[in-house]
Structure formats: C-alpha cells, structure tokens
Amino acid sequence: MKKRSVSSGDRSTGDLRRDLTKKSSAPPIDDGVDETERTIPNPPRNESVDESTHRPKRLRLEFDPNHIIPDPALRIPIEDYANEIRDEVRRAYLLKGRTEANGHVFEQTLDGKVWRSFQRSWLGKYDWLEYSVKENAAFCFYCFLFKKTAQPNTFGNDVFSRDGYSRWKTATAAFKKHVGGPNSVHNIARGKCEDFINQRSSVSSKIHTYSKESEIAYKIRLTASLDCARYLIAQGEAFRGHDESSTSINKGNFKELLEWYKDKNSEVKEAFEKGPGNALMVCSDIQKQLAKCCAQEVTSVIKSEIGDRNFAVLIDEARDSSIKEQMAVIVRFVNNQGKVMERFLAMKHISDWGEFNGLQKLIRDDSPHAFYVHCFAHQLQLVVVTVAKCSKCISDFFNHVPLIVTQVSASCKRKDTLIAKHQDVLLEKLENGKISSGKGLHQESGLARPGDTRWGSHLKTLLRIYQMWESVVDVLTIVSTDAREHSSVVGAGGLVKKMECYDFVFIPNFLIGLLTITNDLSQALQRKDQDIVEAMGLISDVKTRLQDVRDNGWEPLLDQVKSFCEEYGINVPNMDDLTVPMGESVRSKNKVTLRHYYKVGIFNVAIDATMTEINHRFNEVSSELLVCMSCLNPSNSFAMFNVDKLVRLAEIYEADFTISDRLMLRSQLQIFILNIGRSEKFHGCSDISKLSQLMVETKKDKTFPLVYRLIELTLILPVATASVERIFSAMSIIKTYLRNKLSDGWLNDLMVCYTEQEIFKSIDDAKITKRFQSMKDRRGHLPKERNVIT
C-alpha cells in the first residue's frame, strides 16, 4: 500500500471547527421577545453556574494534538480557534512540522502548451514552504501560524496562508516576493514564530531571572525523572501509587525509584532539595508528558525508517482488561539493508466498530491497487477448528476433553496430585532408560483447554493428554473413589472408562500426527521475515505431505496405536469385527468392519476435510498476483523466473511503475538474470528475503532499481498478523486488572516504547528533553548549548 497523506484523525474538519472555534455560525434569534424578558433555561447538569448571572460558566477548551490537520488547504485558520487554546494549537503544529508530502507524485497541470508541477527542490530551498495534496498548491507555514488578519492585504498575505499558490511558471519569483523585506508580513510572522519557539524570549521568562546554577539544577531534575520514567516504561511497570503523600510508606514506583536515585547520587538529591516546589518534575502530568515525548521520538524514528518507501499495514483488534476494543496498527516495509521490518505504529481505542464497516472497500477506493490478505495463521487455525468437528467421533472426543480437564484441575489438591503423579512416572521412565534428561525437558505442566481462537491450542491439548495419560487416569480414579458427591463419582468414573477404550485412544494418536503437520506450517507463517511466495510454497508442501499420509500412513498409525494400548493395558479390537457407525443403534443393519469404521470414517474424513479447507481458504495461490510474484523466487537457480509475468506484475502495480518504467523493465529483467547467474554470492539463495539483502549488499539494488522495486513490493505483502498478536500480549502486561484506568493516550505511549525497545533504548536523552521543553512553556529552562570551535 502506498503511503498517503491524511487530512485528519477520526473526526471531520467540521467537527473540530464546531468544538474548538470561539463563535457560533447560527444567526441570532429574533422572535419579538425582549432580551430582558426572555426566560433563562435550566443549565446543563454537569456545568457550573455563575451565581450573579445564573448562566453556565464557560469551560476552558482543551485541544488534542492528535486533531491537527496535515494538509494546509484543509486546516482551520488559527484566528478561528478560541483564544485560550491558540498557543496550544501553534505548538502542536510546530512539533508536527510543515507538510512536505513525502512520497507524493506531484500533479501536473497544463500551462499553455507546457505541463508544469510543484518541484520538490523548492521544499529544501524555502524552509517555510508547504504543499497541499488536496488543492495542488503551495502554502506558507509561518503565515498560517502567526499572520495577523488585520494586517494590510499585500502580495501573498492570503494567497500563501488561505488560498494557496499554484501558478508554477512564476512560482520562484512569487516565493521571493512573498518573503519580501525585513518588515514584510512573512518575516514578521517568521520572527514571531522564532520567539514563540524560544521560551527565553517569552514574557514570563523575562519577568523571572534564571541563573546558570538554576538551569543546571533544572536539567538534573528533569534528567533524573526521565531516567526513572525510561526504566519503568522499558520494564512495563506501573508509575503511580495508591498513596503518594509525603507520609506514605510506598509512594508508587516512580517516586520510590526517584527517592532511591537521590539517595545514591548526592548531586541529584541537592538539585531536588533546592529546587522550587512548582518545578520538581515529579507530578503525574510530567510523567505522562515524558512518556509521550518518548513515544513521539520512537514514532519519529520509525517514520524516518519508512521514508518514501512502500509499506503494508497490519491491523487487528482485541479487548483489554477494561473491556475496551483496542486496534493495533503495524507497518511492514523493507529497510535500507533490504530486510523486512515490522514496526508497531499506534494503538487506537475503537468505540464504534460500525465506522469500519466495509473497510476493505474504503481502502480499495482510495488505493485501487492495494492487495488484501487475510492472516494465513488465522486461516490455518480455522482449518484446525473444522477438522475438530469434521467427524462425530472426533467431535465427541473434543467434547470430553474439557470434562477431563475440569475433573483433574478442579481444585488445587487435584492439580498437585496430577503433578506429583506425573513426576513419579517421569522418574520411573528415567530410571528405566525410556526417556533422557536434558535442559528444558520434562518441565512441570498441567492440562490445557483447546480454544478456537488460540493458535496451536488443539495440538497442545492433545500432547498434554498423551504425555500425562497414566497420571490423568490415576487422578480420575482417585476422584471417583474419594469423591463425596455422587455426581463427581459418576463423572470421573465414566471418564476413566472412556479414556481406557480403543476408540478414545485412536483419536489423539491420529490427530497429533495430523495437527503437527499444520502446526509446523503455522510456526513458519508467524516469522516476521516470512514472504508470501515462500508461504504459498509451504502450503503446497503441506498438501503434498497430507496426501502422502492419506496414501501411506494408515498401517504405521495402527502399529502406533497398538503399541500405546499394550503399554497401558487397553484392549485392542479385531479390525475385522463388525460395528455400527457412531450415532446409530446396535440394531441397525448398516454395519461395517472396524477397519472401515476407523479408516474411512475417521482417518480419511479428517485428512480430506483438512485438504478441502486448505484449498478453500488459501485460494490466493491461484491468483494472478501471486503467480507473478512467485517468478521472483530464487530457489533452484531462479527456476521459476519469467520475464513476461514479472512485466505483468509491474502492470498490476501501475501506480508504482510509469509507462517508461514498464518499457525499460523487460530489458532490465533480462540483464538481471544473466548478471545474477554469474555472481557466486547468489548461488544457493533460497528465498526472496535473502535475495533482497544480497542485492543491497552488492549494490545491485542501484544497478537494477526496477527489479528491486518488484522484490520490495513482494516482500511487504504480509502473510500473518502474528506481530499484532504479540502486541496484544504486551498490552496484557502494560494494562492489567490493577491498571485498567489507563487512558487511551497514555496506553498508546507506553505500548509504543515498550514494544519498540530497540529504538527506544537508542534514543538520546537530549532529544527527549528538547521535545519535552517545546511541548509548552516551562517554569525552568535548560542550559544554553554552546558550540566549541577547535
């Protein structure tokens, strides 16, 4: 998916204008009633009332920095905001920076007989220049923020702040004329902007004097608070305490860690003791602002990594501990080293999923060439769920599994008995040499329940029951013997009888082998660097393996089940005996042999259901896009390489390849395959991800840029949302039952830093403190930076 500019967040410009502007657009009411006689309606319940006028007091408006609008043509003018939030709006835009429309292909317009467009080099030449994708026009960033509406309407006053300039033929001359002399509207606005950024030039700063010592002490306090915040964020720990008063024994992690820090460092302790009470940098707002600055710096690094590259978006949702639907967004791209990267970008609370109805269609309307991929790992789990219900015998087995888990693990005593029994069994097998010891082997574990949405849970359940079979039967026997309630005696006793019959034993022995095949595929699909071409190859391999099991796996399975039954004293029936299908009466004339019952009714049905579901759910393998992408597979010395199909792939991604690119691509592909064949470094290359890295390493991405673009587009197509699932696992660490009051903004900031710790730990403190200072006017100043010339 190509990166695009967005106009705003999840609210329209009109909504923001109504919320944040100071005046109403509705006309005054003229109903013939004198204003002094008009009755005053009851004020809203949640608003305070001015006792002198009996009218609601005006509440202070608050501005959300997430509501700033990148496109200059769509922005609300600064003078339309309420007075009390204008500085917050300006600061938010300054932190965001001007809009340069990175990655955008500038629209060409016909000027006479010449096609002209905005030039990217102008953005580097004029630091105030912005570009609007919506209007294809140029704007002035400084004039938008600080131009006075009462100033005379000179050239460029409204053109560059409201309307936009789009006459590209005379653009350079117009830009110079707009800048003007020292007293021009533009330069006055620029000066105001520089003064606004420089907190030392503010009125409050000029009233108070700041000594060099106080600035150094302020920096020490801020750095110490930042160090504590960074530690807690990286460890996923809580900041606040239940009682943070001075007399509290435990003031919470942040303040307690800061106290420990002060005890270990006398310089830090002195800075806090001599600091003013209103600038100690320890309150909850400061903690949240520090976390926000950290998250913004991490996000800034991620955006710089992406740059102008193509990227894909991975989205999934989950419910947090406070019963809120949280949507996680991850971007997938190829970095400068040719490696596939997946970075967590943001977490968004979704209060109404109705606004996302038809999301795929909305994305396709905006990006017609975007390709939608349903998570392969999730589809594979749906295959497993179908297999668990494909046969009456298998379905009955999984109906009894939760009953077994409940009976065995219903109390701490039963669970302890199960673990003790299993340990005794393991020790006996170790003494007899049936199993071997080693690091990580034979860890303490219990039974697990299968879940339709938990990847690999069915196989995990079967393996636990298989490994702990003897211990489970012993515990059920104890429960049946010692239980005081009649229902427990009958339930546990019935389960013992059920587990010690051939019918029940056959199914886990069979399904463990079957689900191991799909589980290996699931694990491979969850790799971060997995590409869709290799994934489709793995799916084809699984189908081949399943067919081989169907053709040749029956007799080995019978031997395995027979060996298991002999070990645990379970009767093995004669496969030539007659029986009736499950669910039919013994009086039924529709009788079959046990061999037919197990092979046709269970073995073949389960394998056929698995293959049918895989073919149905993974139908992308036959799509034209993936057929073309498979031609880039370097395995077997590029055996599948096909120039015509790769040119067709460029035509499918027509937004990324111009007509001239497509004309040159055929020749470049032919030279590429010859050049790669002569290079020893590419011999043995087996996947596209490795091919991409080798091309960057050997500089062939510069030699064959169009071929590398095809490889990049293939690699960014996602296979599974395993990375998003890992984000939700991290969310359960950050937002726990005891921290379920975390606000959405703070949760997002903590999640960004916690999940992208590699980037977070590499960010210098100076960048974070600089951003922290620029967020608002602070009561303290950092020491001036002095450049030493040697």
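Predicted model, so just to flag it, every value in this text is computed and none were measured.
A salt bridge between E756 and R343 is present, with a side-chain N of the basic residue lying under 4.0 Å from a carboxylate O of the acidic one. Between R648 and E651 there is a salt bridge, since a side-chain N of the basic residue sits under 4.0 Å from a carboxylate O of the acidic one.
In this structure, the separation between CZ on F344 and CE on M751 is 5.0 Å, given to the nearest 0.5 Å. For the atom pair H458 NE2 and L515 CG, the distance stands at 8.0 Å (nearest 0.5 Å). The OG atom of S522 sits 5.5 Å away from atom CG of L380, with the distance rounded to the nearest 0.5 Å. I607 CD1 to I517 CD1: the interatomic distance, rounded to the nearest 0.5 Å, is 7.5 Å. Rounded to the nearest 0.5 Å, atoms CG (L706) and CG (D661) are 5.0 Å apart. Atom CE of M731 and atom CD of E725 lie 10.0 Å apart (nearest 0.5 Å).
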Please tabulate, for the side chains in residues 556-564, all donor-acceptor contacts under 3.5 angstrom to protein atoms that are two or more places apart in sequence or on a different chain.
unit_1, atom_1, unit_2, atom_2, d
Q560, NE2, N509, OD1, 3.2

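Between F506 and Y598, the ring planes are tilted. Angles from 30° to 60° get that label. Between F397 and F504, the ring planes are tilted. Angles from 30° to 60° get that label. Using cut-offs of 30° and 60° for the angle between ring planes, the F672 and F641 rings count as tilted.
Using modelled atom types, one finds a donor on one side chain and an acceptor on the other under 3.5 Å when comparing K543 with N615. N604 and D608 are not linked by any side-chain donor-acceptor pair at a separation below 3.5 angstrom, with hydrogens and angles left out of the test.
The number of heavy-atom neighbours closer than 6.0 Å to CD of E555, taken from other residues, nucleotides and ligands shown, is above 12. Residue-environment remark: NZ (K460) stays at or below the threshold of 12 foreign heavy atoms within 6.0 Å. Atom NZ of K415 is surrounded by 12 or fewer heavy atoms from other residues, nucleotides or ligands within 6.0 Å.
Across all non-hydrogen atoms, the minimal contact from M575 to T593 is O-CB, 3.7 Å. Taking all atoms of both residues into account, the shortest heavy-atom contact from S391 to G601 is OG-O, 3.4 Å. For the residue pair S635 and S686, the shortest heavy atom distance occurs at CB-O, 3.8 Å. In plain terms, the two heavy atoms of C393 and I507 that are nearest each other are O-CD1, 3.3 Å. Between N310 and L713 the shortest heavy-atom distance is ND2-CD2, 3.7 Å. Closest heavy-atom contact between Q670 and I673: O-CG2, 3.2 Å.
A distance-only check finds a donor-acceptor pair linking the side chain of S692 to the backbone of G338 [under 3.5 Å]. Panel note: side chain N399, backbone S395; a donor-acceptor pair is recorded below 3.5 Å. Formation of a donor-acceptor pair under 3.5 Å by the H683 side chain with backbone atoms of G677 is found in this model. Distance alone, capped at 3.5 Å, places no donor-acceptor pair between the S480 side chain and the L476 backbone. Here the side chain of R332 pairs a donor or acceptor atom with the backbone of L715 at under 3.5 angstrom.
Here T516 pairs with L459, I512, D520 under the side-chain contact (heavy atoms from CB on, under 4.5 Å) rule; sequence neighbours left out.
Counting only heavy atoms from C-beta outward, the side chains of E613 and L382 never approach each other to under 4.5 Å.
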